[in-house]
Structures are given as C-alpha cells and as structure tokens.
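Atoms within a ligand are numbered from 1 in the order they appear, just like the ligands themselves. Heavy-atom basis, side chains included; hydrogens, waters and symmetry copies ignored.
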Amino acid sequence: MSLSAAKPYLQRIRADFGDDVDFDAYPFSIPAVRDLHGIDFHPDVTFFVGENGSGKSTILEAIALALGFGIEGGTINNRLLNTAGAGSALADRIRMSRSPRRPRDGYFLRAESFHNVATYLDEMDMTTGYGERKLHERSHGEIFLTVLVEKLRGQGLYLFDEPEAALSPNRQLAALSAIHQLVQQQSQFIIVTHSPILLAYPNAKILSFDATGITEVAYEDTEHYAVTRDFLNHYPRRLEQLLAPD
Ligand SMILES: Nc1ncnc2c1ncn2[C@@H]1O[C@H](COP(=O)(O)OP(=O)(O)OP(=O)(O)O)[C@@H](O)[C@H]1O
Ligand SMILES: [Mg+2]
C-alpha cells in the first residue's frame, strides 16, 4: 500500500446510541452530539468550530478516548488519570472507521490540562525529544510550539483543542506552517479552534457546531472570518456601537 493511501487514519465516526441513552442529560443533550450520525474526516485537517458550549471539546474528547488517548491529553501512552465519566459515556458509543494503516505518532492537546502533562513529563524525565530546557521553564506558547516542531514526528494523528489559546498572531502563523509540514509528512489533524488565522488552512474541512447539529461550512462563511474581518475593517464604528451608553 502506498503511503498516500494511509490517510485519513480516522476516516469516519458515528455514534451508536442504543436504547438506553438519556437525551435530556449531558453529553447526549448537546445538539451536535445528537447529530453524530456520521462525520467524515478530511485526510489532512478537520476543524470543529462553533459557539462556546456547542459541544466541540466534548466530542473531541470522546474521539480521543475512543482512540486510546488519556483524558488529560498527551501521547497515547500518557494516560495520567483516565477518569471515567460523562466523556467516556459518549466515547463508549463512538464507532470508528479507520485506515488499515495505523498512525505512527499521536498527540491530544487539551489547552486546560497542558500544565499537568508538562509536569508529568518533567517529573518522569520524559522530556527527551522536547529540547534541552524543561517544559516548565518555558511559556505556554513556547511549550506548544516546541511540541509542534520538535515532538511531533509525522505520520501522526493529532487532536488539538484551541491550540491558539497560547499563541500570539505571529506564532499562529508559525503553527500553520508547522501543521502544513506535518500534513506533508502524512499526518492528519482534528482541531477545535476559534482562530480565524488557523481556519484559513486550505487543505481542510470546517465543521460548524450549532443548535441544529453539525454542518460543513466554507472558510469565508464562518462567523470567525466574517466577524473578525468586519471588526478590523470598521473598528472605530463598531466600537462606537458596542460602547454607546444606553
Ligand atoms: N462534565 C459536564 N457535565 C455537564 N455539562 C457539561 C460538562 N462538560 C461540559 N458541559 C456542558 O456541555 C456543553 C458543551 O461543552 P463543551 O465544553 O463541549 O463546549 P465547547 O464547544 O468546547 O465550548 P468552548 O468553545 O467554550 O470551549 C456546555 O453547555 C457545557 O456547559
Ligand atoms: Mg471547548
């Protein structure tokens, strides 16, 4: 089999809800979760976008658990505390179609628990491959770019939740370039983001989560693109409107 046939490593997921699911309770009450009849992933990058609370992290975490990542993030082997809970209730119901060729590398980045993973790796002295300096002696953004550039080896399946949270606009551009290099080295990404910069990546599919479920959307039709562009082009006027006294 040629390398190009390997991707997408994760081709498709769907939820098999069975008869015993409570659609009034988290996580099954979330419209995007109820709409998990089938997501087909892009071989390169699939973005999840949507309003705060629309279920992006919930679904990314369930996919990560189903793939064997620890809930705290990190590589497949870094199972810190795989707390069973609401996340795993969904993960248990996720059915995956995968490429016969398995990825050789993997990383699940959860912005909010990156600190724990960095502590763990430092304590276990598992920093080989992260460069010379201990991860805790670096800033948040530096850690993330270090992982992206030095740790990820290619031929990987990478799941990132809001990687832009740590990154300056310039570093987001650097991240785009690093992601592209990894894509060219046969990697696949699933990225939750609010960043209009990251979303511009062309070899991608954007899935928008809202009250009606999950729909594919073009970059220029995303709220992220439209709102950012409108604001930057007209910010004095928009500020007048936003900050006007009642
Ligand atoms: N453990 C939990 N128990 C109950 N409800 C939860 C739990 N975790 C999240 N929720 C709720 O589920 C919904 C989806 O949360 P989720 O974190 O997936 O949103 P999100 O799309 O990632 O949002 P954001 O862009 O703010 O990160 C929210 O309304 C949230 O309050
Ligand atoms: Mg989230």
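- When every heavy atom of G106 is checked against every heavy atom of F69, the shortest pair comes out as C-CE2, 3.7 Å.
- Side chain to side chain, T58 and Y26 meet the donor-acceptor criterion of an N or O pair below 3.5 Å.
- Residue nearest to atom 27 (O) of ligand 1, selected from E51, K56, H194, E162: E162 (by heavy-atom distance).
- For ligand 1, the atoms lying closer than 4.0 Å to a non-hydrogen atom of S57 are 17 (O), 18 (O), 20 (P), 22 (O), 27 (O).
- Aromatic ring centroids of Y158 and F189 lie under 6.0 Å apart.
- Under 3.5 Å, the side chains of D161 and S57 contain a donor-acceptor pair of N or O atoms.
- Taking a 4.0 Å cut-off on heavy atoms, E61 fails to register as neighbouring ligand 1.
- No salt bridge links D35 with R14; every basic N to acidic carboxylate O contact stays at or beyond 4.0 Å.
- For ligand 1, the polar-atom distance check against I30 finds no nitrogen or oxygen pair separated by under 3.5 Å.
- Distances from the Mg ion (ligand 2) show that N52 has no N/O/S atom below 2.8 Å.
- Considering both main-chain and side-chain atoms, G53 comes within under 3.5 Å of ligand 1 through a nitrogen or oxygen pair.
- When non-hydrogen atoms are compared, ligand 1 lies under 4.0 Å from neither the backbone nor the side chain of D161.
- At a threshold of 4.0 Å, the pair R93-D16 does not count as salt-bridged, since none of the basic side-chain nitrogens sits closer than that to a carboxylate oxygen.
- Few gaps surround CD on Q11; more than 12 heavy atoms of other groups in view lie less than 6.0 Å from it.
- Within ligand 1, counting atoms from 1 as listed, the ones closer than 4.0 Å to a heavy atom of T58 are 14 (C), 15 (O), 16 (P), 18 (O).
- Close approach of ligand 1 to S54 (heavy-atom distance below 4.0 Å) involves ligand atoms 19 (O), 21 (O).
- Near G55, the atoms of ligand 1 lying under 4.0 angstrom from a non-hydrogen atom of the residue are 14 (C), 18 (O), 19 (O), 20 (P), 21 (O).
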